[in-house]
Amino acid sequence: MTLQHVNGERLWGSLMEMARIGETPGGGSRRLALTAEDGRARDLFCGWAREAGCAVTVDRIGNIFARRKGSDAHAPPVVFGSHLDTVPTGGKFDGPLGVLAGLEVMRRLQEQDIRTRAPLELVNWTNEEGSRFSPMTMGSSVFVGDVALDFALSRQDPAGITVSDALAKLYPHTELAPVGGRKFAAYLEIHVEQGPLLKEGGEAIGIVAGSYKALYFVATVRGEAAHVGPTLMEQRRDAMAGAAALTLEVERIGRARGRDGRSNAPHVEVFPNVRGVIPAEVRLSCDVRHADPTESRAMADELRDACGRIARERGLEIALEQYFEFGPIECDAAMASLVRDQASALGLACRDLLTVASHDAVPMMRHCPSALFFIPSETGISHNEAEYSTPEQCRHGADVLLNAVLQLAR
Ligand SMILES: [Zn+2]
C-alpha cells in the first residue's frame with residue numbers, strides 16, 4: 001500500500017484554533033473537563049468532524065465518537081483519539097494533538113476519497129486529566145467497565161457540581177448513547193511525550209512498550225488547632241509543619257532513584273486554613289513511581305516509614321492511605337510493531353520507551369489491541385503553558401497515525 005501523508009499546515013492550524021478556547025495569558029489553554037470552555041472545544045470539534053463526513057454521537061459519560069463508515073458495516077471499528085480537556089495551566093498539545101491528528105486522518109481520507117473496509121471512529125474521551133473530577137481517564141475507564149457509570153456521574157468538583165450536572169448543562173437536548181458494550185478492532189493514540197527523552201535522543205516517534213509502576217496516596221496529618229500567637233513553639237502540634245516535612249521526604253525518595261524514579265506531593269488541603277489558627281489537619285496527596293515495580297514498592301515503604309518518623313518526632317498522627325495504582329502495563333507487541341513499521345516506512349527514527357503517566361490508551365489496552373505512541377516535547381515539559389512541539393513533529397506523528405489506521409482498517 002502506498003504511504004499517505006496528512007496536511008501538516010491544516011493540522012497545525014486546527015491545533016492553534018483549538019488552543020484559543022480557554023487561552024491563558026502565558027500562551028497555554030485552560031479547559032477543565034465539562035466546563036463551558038470544554039463545551040466550546042467539543043462544539044468546534046463536532047463541527048469539524050461533521051465537515052469531514054463523520055456522524056457524531058455522545059455517550060452518557062460525554063465521550064464523543066465521530067464515525068466514518070467502512071465498506072463492511074458489521075466490522076468492528078478501528079478507533080483513535082485522545083482528549084480535549086486540560087489541566088488548569090495546560091498547554092496546546094497534551095490531549096488535543098491526539099484528537100486533532102485523528103481529525104486530520106478523517107479529513108485526508110475524505111479528500112482522497114479513500115474507503116476503508118472497517119469503519120473508523122475518532123474519539124474525544126471525557127475528563128482524561130482528572131483536574132476537575134477524580135478519577136482521571138474517566139471516560140475511557142467507564143467505557144471499558146473499570147469505573148461504574150453511576151459512580152463517575154456522581155463525582156463532584158470542588159464547588160459540589162457533579163459530572164451528571166455538568167453533562168446535563170452541556171447536553172440539555174442531546175440523546176446520549178449507552179456507554180461501552182461494543183467491540184473495537186483496535187485503538188491507537190498519539191500523544192506528546194511530556195518528558196525530554198525523544199528530544200535528547202533525536203527520534204521523531206516514541207513507541208510505548210510499557211509503563212512505570214505508580215502508587216498514589218493521601219497522607220492525613222493530624223495535629224492540634226491552637227492560637228498562632230500565645231501558643232509556645234514547644235507546645236505546638238502543627239499539622240502543616242508535619243506535612244511540609246513529609247513533602248521534603250517524598251521529594252528525597254524520588255531523587256534518591258536518579259532518572260528512573262519520580263515522586264510528587266502536588267496537592268494539599270489544610271484545615272481550618274485561616275491565618276489565626278495553627279493547622280489541625282492537612283491532607284497531602286502524594287505518589288511514587290519507578291520503572292521497576294519492586295522499586296516502586298520500596299519507595300512506598302520508605303514513604304510509610306517517613307510518616308511514622310515524622311509523626312513521632314512532632315507528636316502528630318499521620319495516616320497513609322493508598323487510593324490508586326497504575327501499571328506496569330503490557331503493551332500489545334503486534335500493535336507496537338505495526339506503528340514501528342509505519343514510522344520506518346515514513347523514514348522516521350523511533351525508539352521504545354515507558355510511559356510514566358497514564359493516558360486513555362491504558363484502560364483501552366484491556367479492551368482491544370491498542371498502541372500508544374509519542375512525538376517529542378520540544379520544551380521537555382507538559383501540564384505547562386510552555387508545552388511545545390514543532391509543526392513538523394506533529395505532522396510526523398499524524399502521518400504515522402494515518403498509515404497505521406489504514407493498515408488496520410483496509
Ligand atoms: Zn493527555
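Counting convention: from 1, in listed order, for ligands and their atoms alike.
- Atom CZ of Arg255 has 12 or fewer neighbouring heavy atoms from other residues, nucleotides or ligands inside a 6.0 Å radius.
- Under the 3.5 Å distance criterion, with hydrogens and angles disregarded, no donor-acceptor pair is assigned to the side chains of Ser131 and Arg30.
- No side-chain donor from either of Tyr323 and Glu321 sits under 3.5 Å from a side-chain acceptor of the other.
- Ordered by chain and number, His83 NE2, Asp94 OD1, His191 NE2 make up the set of protein N, O or S atoms under 2.8 Å of the Zn ion (ligand 1).
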Review item, side-chain donor-acceptor pairs of residues 15-24, under 3.5 Å, at least two apart:
residue	atom	partner	partner atom	Å
Thr24	OG1	Gly28	N	2.8
Thr24	OG1	Gly28	O	3.2
Thr24	OG1	Glu385	OE2	2.6

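- With His83 as the fixed residue, the side-chain hydrogen bond (donor to acceptor under 3.5 Å, both in side chains) test singles out one of Asp94, Asn63, Asp38: Asp94.
- Both the sub-6.0 Å distance and the 45° axial angle are satisfied by Arg182 relative to the ring of Phe65.
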